[in-house]
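All remarks here apply to the structure that follows.
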Amino acid sequence: MINDATTIFKRPESLSETVTHYCPGCTHGIIHRMVAESLDELNLRERAVGVAPVGCSVFIYNYFNCDFMEAPHGRAPALATGFKRTRPDMICFTYQGDGDLASIGMGEIVHAANRGEKITVIFVNNAIYGMTGGQMAPTTMPGQKTTTSPFGRDTNLAGYPIRMAELLATLRTPSFIARCSTQTPMHIVAAKKIIKKAFRLQKEEKCFSLVEVLSTCPTNWGITPCDATQWIIDNMEPYYKLGVLKDPEKGEG
Amino acid sequence: MINDATTIFKRPESLSETVTHYCPGCTHGIIHRMVAESLDELNLRERAVGVAPVGCSVFIYNYFNCDFMEAPHGRAPALATGFKRTRPDMICFTYQGDGDLASIGMGEIVHAANRGEKITVIFVNNAIYGMTGGQMAPTTMPGQKTTTSPFGRDTNLAGYPIRMAELLATLRTPSFIARCSTQTPMHIVAAKKIIKKAFRLQKEEKCFSLVEVLSTCPTNWGITPCDATQWIIDNMEPYYKLGVLKDPEKGEG
Amino acid sequence: MAKKLMKGNEAIGEAAVCAGALNYFAYPITPQSEVAEYLCWRLPEVGGAFVQAESEVAVGNMLFGAACSGKRVFTTSSSPGISLMQEAISYMAGAHLPVVLINIMRGGPGLGGILPAQSDYFQATKGGGHGDYRTLVLAPASVQEAVDLTILAFDLADKYRNPVMIIGDAMIGQMMESVEFPEKYREQNDPAESDWALNGAKGRESRILKSLYLDPEKLDENSFMLANKYDMMKKDEIRYELYNISEKNRLLVVSYGTMSRVIQTAIDEIGEEEGISVGLMRPITLYPFPGQQLYDEAVKPNIEKVLSIEMSVGQMVEDVERFVRGKKPVEFSGRTGGIVPTPDDVKGYIRKSLGIEK
Amino acid sequence: MAKKLMKGNEAIGEAAVCAGALNYFAYPITPQSEVAEYLCWRLPEVGGAFVQAESEVAVGNMLFGAACSGKRVFTTSSSPGISLMQEAISYMAGAHLPVVLINIMRGGPGLGGILPAQSDYFQATKGGGHGDYRTLVLAPASVQEAVDLTILAFDLADKYRNPVMIIGDAMIGQMMESVEFPEKYREQNDPAESDWALNGAKGRESRILKSLYLDPEKLDENSFMLANKYDMMKKDEIRYELYNISEKNRLLVVSYGTMSRVIQTAIDEIGEEEGISVGLMRPITLYPFPGQQLYDEAVKPNIEKVLSIEMSVGQMVEDVERFVRGKKPVEFSGRTGGIVPTPDDVKGYIRKSLGIEK
Amino acid sequence: MAKQKEVVFAGFGGQGVMTAGQLLAYTAMEEGKNVVWIPSYGPEMRGGTANCTIVISDGRIGSPIINNPMSACVFNRPSLDKFGALVKKGGLLLINSSLIDVKSGRDDITEILVPVNDIAIKVGNPKVANMAMLAAFIEATDAVSFDSLLSMMEKKMGGGKKKELLEINHRAIEEGRKVVTGKVNI
Amino acid sequence: MAKQKEVVFAGFGGQGVMTAGQLLAYTAMEEGKNVVWIPSYGPEMRGGTANCTIVISDGRIGSPIINNPMSACVFNRPSLDKFGALVKKGGLLLINSSLIDVKSGRDDITEILVPVNDIAIKVGNPKVANMAMLAAFIEATDAVSFDSLLSMMEKKMGGGKKKELLEINHRAIEEGRKVVTGKVNI
Amino acid sequence: MPGVRIDKNYCKGCELCVRACPMQILKMSKDINLKGYFYATLAEPSRCIGCRICAITCPDVAIEVHTHGTQFVLFEY
Amino acid sequence: MPGVRIDKNYCKGCELCVRACPMQILKMSKDINLKGYFYATLAEPSRCIGCRICAITCPDVAIEVHTHGTQFVLFEY
Ligand SMILES: Cc1ncc(C[n+]2csc(CCOP(=O)(O)OP(=O)(O)O)c2C)c(N)n1
Ligand SMILES: Cc1ncc(C[n+]2csc(CCOP(=O)(O)OP(=O)(O)O)c2C)c(N)n1
Ligand code: SF4
Ligand code: SF4
Ligand code: SF4
Ligand code: SF4
Ligand code: SF4
Ligand code: SF4
Ligand SMILES: [Mg+2]
Ligand SMILES: [Mg+2]
């Protein structure tokens, strides 16, 4: 039916042809694609090295056509630091979940950002530990039920969700820190721009960049993929405000 | 000569009679005394448990008349969490240096604060690793010479100093976060009030509290004690602004 | 109490409650997350508390602080998580603290896999942390034994004021078996009664729990004090089980944990089917190791060889070699990474070791 | 090159430069901070880079990332710091990465002290992390040997694509001795030439460096692949030194590192002064251990006993027992926590072992 | 050892194979037998394969790992491919004929086709397919009694508003039993 | 072994004992000897005690740890108390008589009193007390030659504006030598 | 004329595209694919405006968008 | 009349009190204490106003402040 046509949207080259292991409707897949598109558009694939986290996205290395190393849980920014300092001519990015980055990896991400490592961090916040079966994360919303907070997150015992982007934006070292989301197509369009900018800043040897992306986990939230995007709008977005929090090109540095 | 007199300033009871191992003029001693005075005044000594760090203040347990445990480097907030959750009826405080708290212990302090552990953290920022012989800390000032930054801290490679109080104040969980200093007697007077309040808030089972205290390290800064206090005024205070950053009693929570 | 069918992970959680250990600190990791998922609602019922830590480094150190209270405290984790606790374990041993750590082992090294393995034997028994210390190590072979040894672990930790580890493979954690718990649940330790815990310097000198001794004589003394405790354990705490011991045995197999059950089946089958008589020694305490007992079995005249079978590439076999002292050839067989040798595999190992063709 | 008088810590730093290892990651800790204090100015001179990490956990993982580049990378630390790297070491071994880790040991467990000890033998040789892996372990006895073994360590790490550890006690780090460096300094590895490093998927399939194998067959295969490498090391890399071997020897002492030098003096003295003839075996590779060589020495007819002398409460002695296979009684003597047994102490141990009254 | 019964339930995640196995295990325990239930998960959270093994015995249970189970209930094609070949000679294989249109091809075992998805849809709830399979297995092997099964089911599901569901389960069990025409002595 | 010389320099931190020891070690190495310098610090950063041992030998140096050194230079009372007792029979003990007003009480060793702080003040810089002590030790033992010492000192201190300091060091050395009246054969 | 091509074997049937399509012209199939999912299909090809919103939304990159001739670009991506 | 008592064996001679005293009446001694430090002394006792500033400044808690009779309190501590 469709022939002689111009393709106006297709699978980016940086993405391999593997079907992912993600659950239906899990927005990890969208974020993967945006990263891959950014690598393609900036022509970075052949000198890019990704660092896989431990979390649902642990198999990310199977889905990209670029080199990858796989980090211990939470330590991806340290691996990226080590690699980038040894090969400053390469492009290095991490892809991390909220358990990985905001819980066990807190020390590593704060210090990588503070040293101003010239790496790009894609931080996928789905307010839960996806891979291990839905335990409470530091980013879990107040009252949210998880397998380790069966009566809902109790802020008296577990505190409030951590806003990583805000926390990192307090650091004086110049960096690019932004939060975006995947809940509607227009959010995705905006997210893509931000992710691409984060990679561009690395290409230009400018600064550390971190993009927090609000993401769904229909499986562990126990709702349909469509309801999950609505859940972001209703519950996460009011607390995790979207926007660019720190931008070296805006002279705030 | 002096007899029949009223004592208007004396060694607090919570302090033991041991001569400390600190270098002459090191303000660790002043901060110890203020903590001890707070314990005395709030009548907490008999149910207080301190957590010693690794750093110059590792021997703090020899200088106090209250129970103490000694933590691995950086992990004092985790020990305090464990103890306090097991004995909520006791008073638990940590005393940590900047290498201890802001470098290796970043994950533990952020998460203890975020969970809202009802502990008190005394954070002694002297912009250097004192005990190990003066290496660069995350809090070392730009251009400051240390044994691992012999040409001065290079912000291009090591980033800017971390402001822990500001960083922790971004957390949503109610807490008391303040920064004070030891550089002049009037600063000490103000610091004492803040430290005491931090302990009072724990006594009242209110919240997590952290007091950052700017402190000197004449030995590793390579200057006299008097010059060291001036160095705080000239170099540290403009960057590490003094004040209360977060106060549960001011309704900011 | 009536029998219950329970997953090993949940049974371990209930066993701790039963032992009066109501302060639990953990970080999720497959294949043991069910312990936390069980205790997060169970502990509040009995006045206990579970803290989900930010990392296993924090877990180890929360345990450290909690243990200083004199109450019974514990964690559960799996291999990589236990690696992250090594510094804290060394500190707790150095400070003479009672604490129970349960490792539901998965395949390694590195991220490895999530299936059963026994490749953390060295880490557990030799001390993966720095310095001269040991943990007492127990290895259950069934869900019921996991319960019993968990309860015992707390007693031994208190008795010796030393960390006690339980190492079970993922099977122990994941399988359901029927279990019985003691009728009587133990009260928590009363911190006020402790003569070493940090319970407030009221009417007494202040207490310090620490591992720092800059004076080398004192540090040496502390290390030999620890060594002394371990010698006492060697005298009093060695536990093991013998299976199918007879004078006809040609081979002595050494194996622990669920692996040993597979071997029991294989021994039964190879005996019945092929008339090959094989005995099994199953250490229950891996440290202290039942070394003399092993030696005594190994030297029995009919035994041709000693065969260590493990879900690893060979770790316990080094201790087996050490204790058999050259009296009989020592061999190793096993698989790792999540592969559990089946009874047929084991029969193969036995035949190979004895040079029997099928 | 001319002889230089150098502190061990600084000499180690220079040796790494000499081996073309210009990427160094570390966190301060006594008694090895001088390595970083030396390299923080030395590396920039030669186009290298030192990153002061926020913790040893980060160090281990920075090394991991850096090693993926195919260049030579390393760290130095001391006992508690090494404990914090156990997870990363297990991962690096699992991912087949060449990396050099240098542990200037201090007394433990816990915070312990800052003086020389040898109580991390188990951690280094058995693998303090989880899973089936090993590190090749070298133990220098002088500053010159620290230099030579550092250079060798990088070669071996590259050869086997496996972590290599050097364990020296605080004496090695703190003492000054004269050293010579090779004339020719080695170039850095060219990452572009590597057939395994991550150097960009340009004109080739993408490469993955990882330790995760959810398929148990694959994980098992990876573990046995590692085991195979270790078998090769056992064949090709065993290094040791014998001292004062003669047919008159009544005792064989086993000892490594600077401790062995004290023993050499003691052996000289007790021979001269009391006519007691004692031999020494000094393992240079602690893993793989010169086990067969030890056995061969131990079984010599005049040898009454084998004595392991360590600055610990007894760790290597377990390997000594294992390899002597019951042929001669094995004993242990030593102190720990920072106490270095003196030649007089050692003579006492020797006499005691041989049942000689002075 | 003759008194030991082993069965594998295998299918996609979400087909209820774990629950069916657990219910069998609970029932057997309630009847005073020794029992082990052991799961095996694939790497995927959803859409992966899942199976569990149940060993029921009057005596001590040795290996919880069974190479060649005496029986297997397979809910999908990959499970048939894997476990069809593993069942012990003389053993029993129950095949979900709603989703699988082939057989194992072996002639040394007994095969029974159970259209469990069809049964489930028929009785009004696609989720009870697993119960139909379990019923067929019990009917064929007498591994436990149906009385015990039903009372255990009641205990596990609780009363109240769950009553309707219980009803549907009962019907699925009835239908499952019907498929089996004789006993298999395993 | 007769060709081996051992000396401990011991005092408060800040008295320059480490530097003096290192200078001796460098000089000995430059003369082609084998040498070990090994420090020992107390737990305190400042105000603690510090000492170092130097072993100089024509042959292989075995133990870097010396129980009973052949000689010791003690700069303060605690060091005298500790090392005075340890010096080998027939050995040599140099005592900083500016700060220590007692002797070791032993009659099996040679003792030399060197008022090093007084000398240092006399030559114009309290920091060079350590050089006076080192000079006295060398004068008494011929551990190294003064020519080597001076040229090593020059090398280590560099030229330029340091010249004045070098001058003062020279004078301290001269004064230190003068105190010693004879050779001690250790 | 624009159009989309949905690779049914990538599709996991999450229905996000169905909800996102501004023209509401995507439907779930009645068949299942190899992995057992009901997959998305383009029910009314003629009404497709080639906006790419379905493709942008699809987590499994199952959708390709083509056009033929003039194409009105609603937004940059 | 106020006054201070300096325990010379706690004093490490840091001179912080000397600089802090508003009356400038503290001086360093010419003798050394047990630890070898020149310690602080109250050179002009009669001019002491009992403000406690020296004591508040002392890192080694070497200073006690006494008073006798009426005392003007400059600040709370
Ligand atoms: C040291 C260590 N601790 C724990 C784990 C277990 N673990 C694996 S993934 C994970 C959490 C993943 O959550 P997140 O980072 O939010 O990623 P998601 O799965 O939600 O994408 C945990 C705790 C591990 N592999 N290693
Ligand atoms: C795991 C570990 N790493 C490193 C050290 C060494 N260490 C001891 S104290 C210290 C830094 C102390 O600095 P800081 O916390 O600022 O305290 P200060 O001495 O300045 O008061 C370090 C790195 C250690 N003891 N343990
Ligand atoms: S578990 Fe959650 S995060 Fe993981 S793949 Fe499924 S939906 Fe995505
Ligand atoms: S080294 Fe610095 S911080 Fe430590 S005691 Fe001395 S002055 Fe204080
Ligand atoms: S391109 Fe636009 S109109 Fe066409 S199917 Fe996709 S979302 Fe609908
Ligand atoms: S969004 Fe993608 S995976 Fe989801 S239904 Fe549409 S085509 Fe299928
Ligand atoms: S009390 Fe005040 S006036 Fe008196 S000595 Fe102290 S600082 Fe000076
Ligand atoms: S402030 Fe204290 S230690 Fe310093 S000189 Fe004065 S009295 Fe002495
Ligand atoms: Mg997550
Ligand atoms: Mg500091």
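So that the names make sense, note that chain A is the first sequence line, chain B the second, and so on, each numbered from 1. Everything numeric in this text was worked out from a predicted model, so none of it was measured.
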Tell me, for C:I339 versus chain D, whether the close heavy atoms (under 4.5 Å) come from the side chain, the backbone, both or neither.
both
dist C:R106:CZ -> D:H130:NE2 (nearest 0.5 Å) comes out at 7.0 Å
So which of C:A95, C:A93, C:G338, C:G337 has the biggest tally of heavy-atom pairs under 4.5 Å with chain D?
C:G337
Anything in residues 309-318 of chain D with a heavy-atom distance to chain C below 4.5 Å? Please list those residues in order.
D:S312, D:V313, D:G314, D:Q315, D:E318
Report the option among D:K210, D:E56, D:R134, D:Q118 that has the most heavy-atom pairs separated by less than 4.5 Å from atoms of chain C.
D:R134
Shortest non-hydrogen contact from C:E87 toward D:P80:
OE2-CB, 3.9 Å
Looking only at heavy atoms, which of residues 219-227 of chain C get nearer than 4.5 Å to chain D?
C:L219, C:D220, C:S223, C:F224, C:L226, C:A227
With chain C as the partner, which of D:I89, D:I82, D:D120 has the greatest number of non-hydrogen pairs under 4.5 Å?
D:D120
Of the listed residues (C:G94, C:A124, C:G112), which shares the most heavy-atom pairs with chain D below a 4.5 Å separation?
C:G112
If you compare all heavy atoms of D:G110 against all heavy atoms of C:S90, which two are closest, and at what distance to 0.1 Å?
N-OG, 2.8 Å
Who wins among D:G81, D:A88, D:G129 for the most heavy-atom pairs under 4.5 Å with chain C?
D:G129
Test C:E217 against D:R335 for side-chain contact (heavy atoms from CB on, under 4.5 Å), laying out the working first.
CA-CA 9 Å; C:E217 291 288 346; D:R335 300 293 297 274; 3.0 Å; yes
Where is the tightest heavy-atom contact between C:L214 and D:L115, given as atom of each residue plus distance?
O-CD1, 4.3 Å
Highest number of heavy-atom pairs under 4.5 Å with chain D among C:Y133, C:Y213, C:Y121 belongs to C:Y213
Pick from D:P109, D:S119, D:S78 with the largest number of heavy-atom pairs that fall under 4.5 Å of chain C:
D:P109
Output the option from C:G108, C:G113, C:P216 having the highest count of non-hydrogen pairs under 4.5 Å with chain D.
C:P216
Within residues 107-116 of chain C or reaching into it, pairs that qualify as side-chain hydrogen bond (donor to acceptor under 3.5 Å, both in side chains) - sequence neighbours excluded
none
So CZ of C:R322 and CZ of D:R325: to nearest 0.5 Å the spacing works out to 15.5 Å
Contacts of C:K218 that satisfy salt bridge (charged side-chain N to carboxylate O under 4.0 Å, His left out) - sequence neighbours left out:
none
Contact leader toward chain C among D:G127, D:S211, D:G326, where contacts are heavy-atom pairs under 4.5 Å
D:S211
With rounding to the nearest 0.5 Å, note down the distance linking OG1 in C:T125 to CZ in D:F122.
8.0 Å
Between D:L212 and chain C, with a heavy-atom cut-off of 4.5 Å, which part of the residue counts as in contact: side chain, backbone, both or neither?
both
Greatest number of non-hydrogen atom pairs under 4.5 angstrom with chain D, of C:V57, C:T336, C:D132, falls to C:D132
